[in-house]
K.L.:
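First the structure, then my questions, so here it is.
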Amino acid sequence: MTALPPLREVIRKHGLSASKALGQNFLFDSQLLDRIARVPGDLDGQEVFEVGPGPGGLTRALLQAGAKVTAVERDRRCIPALAELGEAFPGKLTVIEGDALAVDAPSLFAGKPHIASNLPYNVGTALTVGWLSAKWQPWWASLTLMFQKEVAERIVAAPGADAYGRLAVLAQWRSSARIAMPVHRSAFTPPPKVMSAVVHIVPSEEPPGVRFAVLEKLTAAAFGQRRKMLRQSLKAVSGAVEAAEGIGIDPTRRAETVSVDEFVALARTLSA
């Protein structure tokens, strides 16, 4: 294993501090970072895509696990620290300075990379929705992502839970999602106001006969008025109320009670 200076020393050397504007919170606990890097499984020789590496805490854990990492970093202050990390792992780290929302990530990889990231809070959900909306099977092998605990719970929520909504359906209709570990706010510098959690998402087979655009439209309508009965909220989607009744979904129910499988069945009917 390559000997590296402590992360706090790297931070001091380069005069770095977490930028609130960029949604940054740095992690220094090497044991915690190693645990996160183990969530996707054996990374030896595997490609990994990381967004917002900052000073490179998770990056070094991924590299030490044997991964070949491509990282996109918007904060140019962090580039010199990442360059030093690249020198410690020759040929194993590629750093792209830019906005992850604008980068054509699939074109950067020969195969299907694992995506692993302590996501910047201000773009985390948008990036995740983009990855989950990709053509299926997706261009990535798995997602291991740090979120605010509230967002993590929305991704893995079951019907009937307060957190259950569009994000849960989007994450679960053709992939499996679980909370791999909670992360206390005190683990970060500076400590955020909320707790965090690491979510692990693995793609599965796409249910046949379902058009994603239809499912997206259904969930937007249903959860856009989540306190209303389906017979009211689904009026915005032509034929949806009748289709729901036709497959045995009571239109007096509310969206938060409708399971992922039921949304898929309804979308299949409307996709025909």
Side-chain angles (χ1 to χ4, degrees), residues 49 51 99-109 112-113 115 119 122-143 145 147 151-161 163-177 199 201-272:
F49 181 48
V51 173
D99 185 346
L101 289 168
V103 169
D104 180 16
S107 68
L108 302 174
F109 300 94
K112 288 191 175 189
I115 301 178
L119 287 172
N122 52 0
V123 295
T125 302
L127 283 167
T128 305
V129 168
W131 294 328
L132 292 171
S133 302
K135 182 180 177 182
W136 227 252
Q137 286 284 333
W139 58 273
W140 43 269
S142 73
L143 305 175
L145 308 171
F147 293 100
V151 177
E153 289 173 342
R154 285 169 53 203
I155 291 170
V156 305
Y164 183 68
R166 290 185 71 191
L167 192 54
V169 178
L170 180 61
Q172 296 174 37
W173 80 284
R174 54 184 179 179
S175 61
S176 60
V199 174
I201 300 173
V202 179
S204 53
E205 290 301 315
E206 185 174 71
V210 180
R211 286 192 288 125
F212 174 69
V214 174
L215 183 67
E216 196 171 39
K217 195 172 182 180
L218 275 174
T219 54
F223 290 106
Q225 303 181 73
R226 62 183 297 140
R227 297 305 175 193
K228 293 187 177 181
M229 295 179 185
L230 293 174
R231 67 185 176 199
Q232 182 64 36
S233 63
L234 290 182
K235 276 184 178 179
V237 182
S238 179
V241 176
E242 295 78 12
E245 289 182 299
I247 60 173
I249 298 175
D250 186 344
T252 65
R253 290 168 61 186
R254 292 173 173 78
E256 61 205 26
T257 72
V258 180
S259 71
V260 174
D261 286 344
E262 286 175 316
F263 272 117
V264 168
L266 181 54
R268 181 181 290 113
T269 300
L270 293 172
S271 296

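Nothing here was measured: the structure is a model prediction, and the numbers come from that model. Below, all heavy atoms of this structure are taken into account, side chains as well, without hydrogens, waters or symmetry copies.
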K.L.:
For Pro138, does its backbone N or O pair with a side-chain atom of Lys112 as donor and acceptor, under 3.5 Å?
P.N.:
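Present.
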K.L.:
Does Val169 reach the side chain of Leu218, with side-chain heavy atoms less than 4.5 Å apart?
P.N.:
no
K.L.:
Quick one, Leu145 and Ile115 - any side-chain contact, counting heavy atoms below 4.5 Å?
P.N.:
yes
K.L.:
Name all pairs fulfilling the ring-ring contact (aromatic ring centres under 6.0 Å, His included) condition that reach into residues 224-263, sequence neighbours left out, sorted by first residue then second.
P.N.:
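Pairs touching residues 224-263 that pass the test: Phe223-Phe263.
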K.L.:
Under the side-chain hydrogen bond (donor to acceptor under 3.5 Å, both in side chains) test, which residues partner Ser175, sequence neighbours left out?
P.N.:
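Ser175 satisfies side-chain hydrogen bond (donor to acceptor under 3.5 Å, both in side chains) with no other residue.
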K.L.:
Suppose we screen for side-chain hydrogen bond (donor to acceptor under 3.5 Å, both in side chains). Which residues come up paired with Thr257, at least two apart in sequence or across chains?
P.N.:
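With sequence neighbours excluded, Thr257 shows a side-chain hydrogen bond (donor to acceptor under 3.5 Å, both in side chains) to Arg253, given in chain and number order.
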K.L.:
List the steps, then state whether side chain to side chain contact (heavy atoms under 4.5 Å, CB included) holds for Leu108 with Val103.
P.N.:
CA-CA 9 Å; Leu108 302 174; Val103 169; 3.9 Å; yes
K.L.:
Between the side chain of Glu205 and the main-chain N/O of Gln137, is any donor-acceptor distance below 3.5 Å?
P.N.:
no
K.L.:
Evaluate the criterion side-chain hydrogen bond (donor to acceptor under 3.5 Å, both in side chains) for residue pair Asp261 and Ser259; output intermediate values, then yes/no.
P.N.:
CA-CA 5 Å; Asp261 286 344; Ser259 71; 5.3 Å; no
K.L.:
Under a 4.5 Å cut-off applied to non-hydrogen side-chain atoms, are Pro251 and Gln232 in contact?
P.N.:
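No, every pair of side-chain atoms sits at 4.5 Å or beyond.
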K.L.:
Atom CG in Leu132, atom CD1 in Ile201: separation rounded to 0.5 Å?
P.N.:
5.0 Å
K.L.:
I need the Thr128 OG1 to Leu170 CG distance, nearest 0.5 Å.
P.N.:
9.5 Å
K.L.:
Identify the residue among Lys235, Met229, Lys228 that makes a side-chain contact (heavy atoms from CB on, under 4.5 Å) with Arg231.
P.N.:
Met229
K.L.:
Which residues satisfy the salt bridge (charged side-chain N to carboxylate O under 4.0 Å, His left out) test with Arg226, sequence neighbours excluded?
P.N.:
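Partners of Arg226 by the salt bridge (charged side-chain N to carboxylate O under 4.0 Å, His left out) criterion, ordered by chain and then number, come out as Glu256.
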K.L.:
Within the distance-only criterion (no hydrogens, no angle test), does the side chain of Arg254 pair as donor or acceptor with the backbone N or O of Arg227 below 3.5 angstrom?
P.N.:
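Confirmed, Arg254 side chain pairs with Arg227 backbone.
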K.L.:
Is it true that a side-chain atom of Ser176 and a backbone atom of Gln172 form a donor plus acceptor pair closer than 3.5 Å?
P.N.:
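The answer is no, because no donor-acceptor pair under 3.5 Å joins these two groups.
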K.L.:
Can you tell me how the ring of Phe109 sits relative to the ring of Trp139, calling it parallel under 30°, perpendicular over 60° and tilted otherwise?
P.N.:
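Ring orientation, 0 to 90° scale: parallel.
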K.L.:
Strictly by salt bridge (Lys or Arg N to Asp or Glu O under 4.0 Å), give each pair with a member in residues 236-246 just once, sequence neighbours left out.
P.N.:
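Not a single pair qualifies under salt bridge (Lys or Arg N to Asp or Glu O under 4.0 Å).
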K.L.:
Distance check, rounded to the nearest 0.5 Å: Leu143 atom CG versus Leu119 atom CG?
P.N.:
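Rounded to the nearest 0.5 Å, the CG-CG separation comes to 9.0 Å.
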K.L.:
Could you list all the side chain to side chain donor-acceptor pair (under 3.5 Å) pairs where at least one residue sits in residues 206-218, not counting sequence neighbours?
P.N.:
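Only Arg174-Glu206 qualify under side chain to side chain donor-acceptor pair (under 3.5 Å).
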K.L.:
Between the side chain of Tyr164 and the main-chain N/O of Val258, is any donor-acceptor distance below 3.5 Å?
P.N.:
yes
K.L.:
Verify, without hydrogens or angle tests, whether Trp140 (side chain) and Phe49 (backbone) share a donor-acceptor contact under 3.5 angstrom.
P.N.:
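A pair under 3.5 Å: no.
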